[in-house]
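What follows is one structure encoded as structure tokens, with my remarks underneath.
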Amino acid sequence: MCGITGWVSFHHDARTQGPVLEAMTATLTPRGPDAGGVWLGEHAAIGHRRLAVIDPAGGVQPMTDRPERPTTVLSYSGEVYNHHQLRAELRGRGHSFHTRSDTEVVLRAYAEWGADLADHLEGMFAFAIWDERAQRLLLVRDRLGVKPLFWAAVDGGLAFASEPKALFAHPEIRPRVDADGLREAYSLLFNTGPTVWSGVREVEPGGLLVLDRDGIRERRYWQLEAAAHGDDRDTAVDRIRELVGTAARSQLEADVPLCSLLSGGIDSTVLTALLADELRRREGPDARIRSYAVDYSDQAEQFTGDVLRTGHDTPYAAEAGAFIGTEHSTVVLDPRALLDPEHRKAVVVARDSPIGVGDMDTSLYLLFGEIRQHSTVALSGEAADEVFGGYPWFHSPKALNAATFPWLLVTGDEAAMPLNPALDLRIGEFREDTYRSALAAVPHLDDETPAEHRQREMQHLSLTRWLRQLLHRKDRLSMAQGLEVRVPYCDHRLVEYAFATPWKLKSFDGREKSLLRAAGAGLAPDSVLHRPKNHYPATHHPDYNRGLQDLARDALSTDQVRALADETHLKPCLDTPPDRLEWGHRLRLERVVDLALWLDHYRPELAL
């Protein structure tokens, strides 16, 4: 895993801009702490920071097709899990290789297939290829958008980077926020393309961008499609187990220490069990995979259920680890560490955004820091809820009948930081317009029942929008600690099959994630297989709430925060006794604190 950056301009000579490229690349050092490099051509500047995972000696970047007078330059972030198969195919087509890295496979794949190389890649990736002969830049992002890739226009071309902060090191790109950016951030709709930053866009998941002297062209090489599904229940369960197992096995390769994130839920437990079995098959019966869970020092005594959490994870994670036979550890965090301004600032800077989930972000950042002391790669159960229908909104008549994004019923106006009404952002209208556009993009089959039609809409919204912010969160907070996190449930073959599976099969036992539960039989304790959905844990200590209220009061003492936030609607959150502060109101305060840190660090121009 790595960080990529650079730019192409047909109006200027990039060979004179080495310091600019080095400054852009340096901002991504946490993503790639092991090495860095730059390449300068007449019209292209390409930078790279490397976290060495596969072939540490051979995968140096930027990588060129030949040492002298290169015609192709690659800066690549990610993992292509089918690189062994592609290497064999490309050798059969006459290509030679000098390293064991998947990076070189991507480089040679471009030489063979051009922009169509993306169709041949399986994995998570974001990369830039400069074609010197064609004078063309190609930007490519993986199908689900696991790896980030941003771009912005510059004179005569565009600049690109794994994170917006690298773009801001370019002299033509400044951190600027307008009303459209605030709507994107605080509407909680998770559009792909626009960002909170004016002029900064994302390459869409499953998308590619081409820049040459004729201009910029974007297209999708992959998207979800509605397909007929003829498998019965037993066949579907077997197929799911096969697809999840294939994804897990393919993502176990690394030349550095590897571990699993084991929360004690069905998603991470089934995945960890498959990884552990494969590791024992490869290395012998005594091989054990490391697994990690997170907890808080107050949790056993202070836990109280809320809208997202039904129980304490730690006992289930320990039971799952013992059942599977992992080398299990629980990272226990002090709630006071979550209030540390330096930790919170590090999280905001990692995200480049004021929008997060407060203490849950800070704790994940600290968890990744602890894991990084022992491992460089971690595998996560992220995306299983989107793939298999695990969220309450898939099963709630209220959510199914609501004419809005389903998560807004849980995390909408109650949890969003209220914005100053003087800004007149009309977020309600924006949500309505965006919802209509989102539904129009959902593919359907002609013979679907109304119920199947609605469930396909819910699945599509969850996979293309809700999942987007979860993947951003995991990527940015893990890479800020120099840790690569892999997400096998985002394997596009698994996603395609599950999306095509009728809802009645996804819920055949009357519960969430029926297919995964059936496919995981024997891989996890019954207590884990049958426990209700539980979200990422949060501290429940009143002292944390009290400290958060103090931080929010300090944030609201600054002019810029008061200009953006609605103090009237925040007052009840500040005045509620700490031991009675509800989760939604607490999240409002979290976002006020993060807003203040974001404004202080980036000093954005507010063009409102």
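All values reported here derive from a predicted model rather than from experimental measurement.
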Tell me whether [X] forms a cation-pi arrangement with [Y], defined as NZ or CZ under 6.0 Å from the six-membered ring centre and within 45 degrees of its axis.
X    : Y    : answer
R456 : F499 : yes
R87  : F97  : yes
R473 : Y365 : no

- prompt: Salt bridge between E327 and R288, side-chain N to carboxylate O under 4.0 Å?
  reply: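 A salt bridge is absent here (no side-chain N lies under 4.0 Å from a carboxylate O).
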query: Does the distance from a Lys or Arg side-chain N to an Asp or Glu carboxylate O, for E163 and R476, drop under 4.0 Å?
result: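 Counted as a salt bridge, because a side-chain N and a carboxylate O are separated by less than 4.0 Å.
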Taking every non-hydrogen atom, the tightest pair across L224 and P443: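 Heavy-atom minimum between the residues: O-CG, 3.6 Å.
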Atom CZ of R69: over 12 foreign heavy atoms under 6.0 Å: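 Not more than 12 within 6.0 Å, no.
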Using distance alone, with no hydrogens and no angle criterion, decide if [X] and [Y] have a side-chain donor and acceptor under 3.5 Å apart.
X    : Y    : value
T99  : E104 : yes
R290 : Y292 : yes
W407 : Y391 : no

field: Ring centroid separation H472 to F190 under 6.0 Å
entry: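 Between F190 and H472, which both carry aromatic rings, the centre distance is not below 6.0 Å.
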message: Are W197 and Y602, when compared by the centres of their aromatic rings, separated by less than 6.0 Å?
response: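 Yes, close enough.
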message: Side chains of I371 and L261, heavy atoms from C-beta outward: is any pair under 4.5 Å?
response: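 They are in contact (side-chain heavy atoms under 4.5 Å apart), so the answer is yes.
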- prompt: So E112 and R108, salt bridge (Lys or Arg N to Asp or Glu O under 4.0 Å) or not? Walk me through it.
  reply: CA-CA 6 Å; E112 180 65 30; R108 305 301 173 190; over 6 Å; no
task: Spell out, as yes or no, whether a donor-acceptor pair under 3.5 Å connects the side chain of K506 to the backbone of L515.
output: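 It does not hold such a pair.
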- request: Decide yes or no on side chain to side chain donor-acceptor pair (under 3.5 Å) for D131 and Y110, but give the supporting numbers first.
  value: CA-CA 10 Å; D131 189 322; Y110 175 77; 2.7 Å; yes
